[in-house]
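Just so it is clear, the structure is predicted and the values come from calculations on it, not from any experiment. Order of the sequence lines fixes the chain letters, A, B, ..., with proteins taken first and strands second; residue numbering starts at 1 for each chain.
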2 protein chains.
Amino acid sequence: MLKISELAGRIGLSTHTIRFYEKHGLIEASERSESGYRLYSAADVNRAAFVKTARNIGFSLEDIAQLLSIRLDRSSHSCQEVTDITRNKLHEVSRKMAELKAMQKVLSRLLDNCDGGLEKATHCSILEVLDNGGLAATGGVN
Amino acid sequence: MLKISELAGRIGLSTHTIRFYEKHGLIEASERSESGYRLYSAADVNRAAFVKTARNIGFSLEDIAQLLSIRLDRSSHSCQEVTDITRNKLHEVSRKMAELKAMQKVLSRLLDNCDGGLEKATHCSILEVLDNGGLAATGGVN
DNA sequence: GTTGACCTTAGAGTTACCTCTAAGCTTATA
DNA sequence: TATAAGCTTAGAGGTAACTCTAAGGTCAAC
């Protein structure tokens with residue numbers, strides 16, 4: 001049985017974060033010492049590592065809570081439930097990527113059209129674009 | 001002079017958001033009516049539109065505060081200051097994109113390796129990957 | 001003159017995920 | 001035995017950008 005800081009070192013989370021995850025039902029210590037210290041079994045460690053891995057991949061705490069409840073009783077759940085969570089996450093990621101791509105495009109174009117020199121910003125093309133409501137007004141394709 | 005809801009309608013922000021931006025120094029009403037209502041001049045409207053445009057592009061409120069202070073006194077600032085802000089934002093966006101790409105890759109591979117059928121999740125390959133610390137353990141390239 | 005829409009303020013609540021603090025007990029080391 | 005490291009709890013603080021509420025004043029229309 002590991003104490004909280006040992007678990008923390010083992011899986012690479014702070015003790016703070018482990019208690020935080022516990023409060024949200026993601027990690028639990030199956031025992032307590034006489035003095036009240038959390039004690040983690042091998043199964044607890046595996047569960048914590050599962051959480052860490054899922055978090056690294058990018059699943060939200062809520063996603064992970066769902067995945068854990070499936071993991072806890074695999075035979076009561078279908079494989080589809082797992083792929084649904086994964087697919088939703090993938091869609092979310094793709095949506096965010098599209099947003100970022102749009103931002104990237106605009107920012108690049110702003111930089112392309114601007115000298116960026118040490119001269120005064122009196123005629124800075126970036127400020128002008130922002131003043132004129134966006135790139136469309138300065139000949140951007142959109 | 002426009003009242004707050006007129007400004008809101010004009011630029012596409014809620015009155016709540018306008019007051020919030022005001023509290024953070026981004027938007028201001030150059031006058032008040034006798035009864036204390038905010039009154040926005042044409043210059044105020046332009047400034048608010050600038051904020052909205054910059055926000056749409058993805059600049060943070062802090063970025064926008066800097067851009068506004070440059071805009072307010074262009075001749076005391078260099079064009080480079082503006083491009084620096086823009087370039088930093090672009091780097092931030094690129095960094096986030098890279099993170100999301102990594103997530104996308106992992107999620108796609110998880111889905112590829114999994115049936116996702118209605119059968120029980122007893123041998124769900126996604127859960128197995130999460131249990132085993134990530135894709136590396138299942139033959140992923142990394 | 002009374003609805004009802006709109007305005008004011010300060011301040012709390014939201015989302016997601018931590019991160020830290022205080023006050024006090026326990027355990028290990030020297 | 002003393003001291004330092006580590007554990008406990010409840011709860012506050014932080015970030016970013018809103019979003020909403022309460023309690024009350026104002027304004028235009030019927």
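One can place CG of B:Leu39 at 15 Å from P of D:dT26, the figure rounded to the nearest angstrom. For B:Leu13 and D:dT19, the CG to C1' distance is 13 Å, given to the nearest whole Å. Per the geometry, CD1 belonging to B:Ile4 stands 15 Å off P belonging to D:dT19, to the nearest Å. In this structure, B:Leu7 places its CG atom 11 Å from P of C:dT8, rounding to the nearest Å. If you measure from atom CD of A:Glu92 to atom P of C:dT15, you get 15 Å, rounded to the nearest angstrom. Computed from coordinates, the B:Glu22 CD to D:dA17 C1' distance equals 16 Å when rounded to whole Å.
A salt bridge between A:Arg38 and A:Glu31 is absent, with no side-chain N of the basic residue lying under 4.0 Å from a carboxylate O of the acidic one. In summary, B:Asp63 and B:Arg87 do not engage in a salt bridge, as defined by a charged side-chain N under 4.0 Å from a carboxylate O.
Taking B:Phe20 as the reference, B:His24 meet the ring-ring contact (aromatic ring centres under 6.0 Å, His included) condition, with sequence neighbours excluded. Remark: A:Asp44 pairs with A:Ser30, A:Tyr40, A:Ser41 by the side chain to side chain contact (heavy atoms under 4.5 Å, CB included) rule, at least two apart or across chains.
The salt bridge (charged side-chain N to carboxylate O under 4.0 Å, His left out) pairs that include a residue from residues 113-123 of chain B number zero, where partners must be two or more places apart or lie in different chains. Residue pairs satisfying the side-chain hydrogen bond (donor to acceptor under 3.5 Å, both in side chains) criterion with at least one member in residues 3-14 of chain A, sequence neighbours excluded, are listed as follows: A:Ser14-A:Thr17.
Atom CD in A:Gln66 sits 9.0 Å away from atom CG in A:Asn88 (nearest 0.5 Å).
For B:Arg32, no side-chain nitrogen or oxygen approaches OP1 or OP2 of D:dT26 to under 4.0 Å.
Across residues 95-104 of chain A, not one residue has a non-hydrogen atom less than 4.0 Å from an atom of DNA chain D.
Both tests hold for A:Arg71 against A:Phe50: distance to the six-membered ring centre under 6.0 Å, angle to the ring axis within 45°.
As judged by a 4.0 angstrom heavy-atom cut-off over every strand, A:Arg38 is placed among residues touching the sugar-phosphate backbone only.
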Exercise. After noting the C-alpha distance and the side-chain angles of A:Cys114 and B:Val82, does the key distance pass the side chain to side chain contact (heavy atoms under 4.5 Å, CB included) rule?
Worked result: CA-CA 9 Å; A:Cys114 194; B:Val82 178; 5.7 Å; no
For this session: For each nucleotide in nucleotides 17-30 of chain C, reading 5' to 3', give B when a protein heavy atom comes within less than 4.0 Å of its base, S when such contact involves only the sugar-phosphate, and - otherwise.
Result: BBBBB----BS---
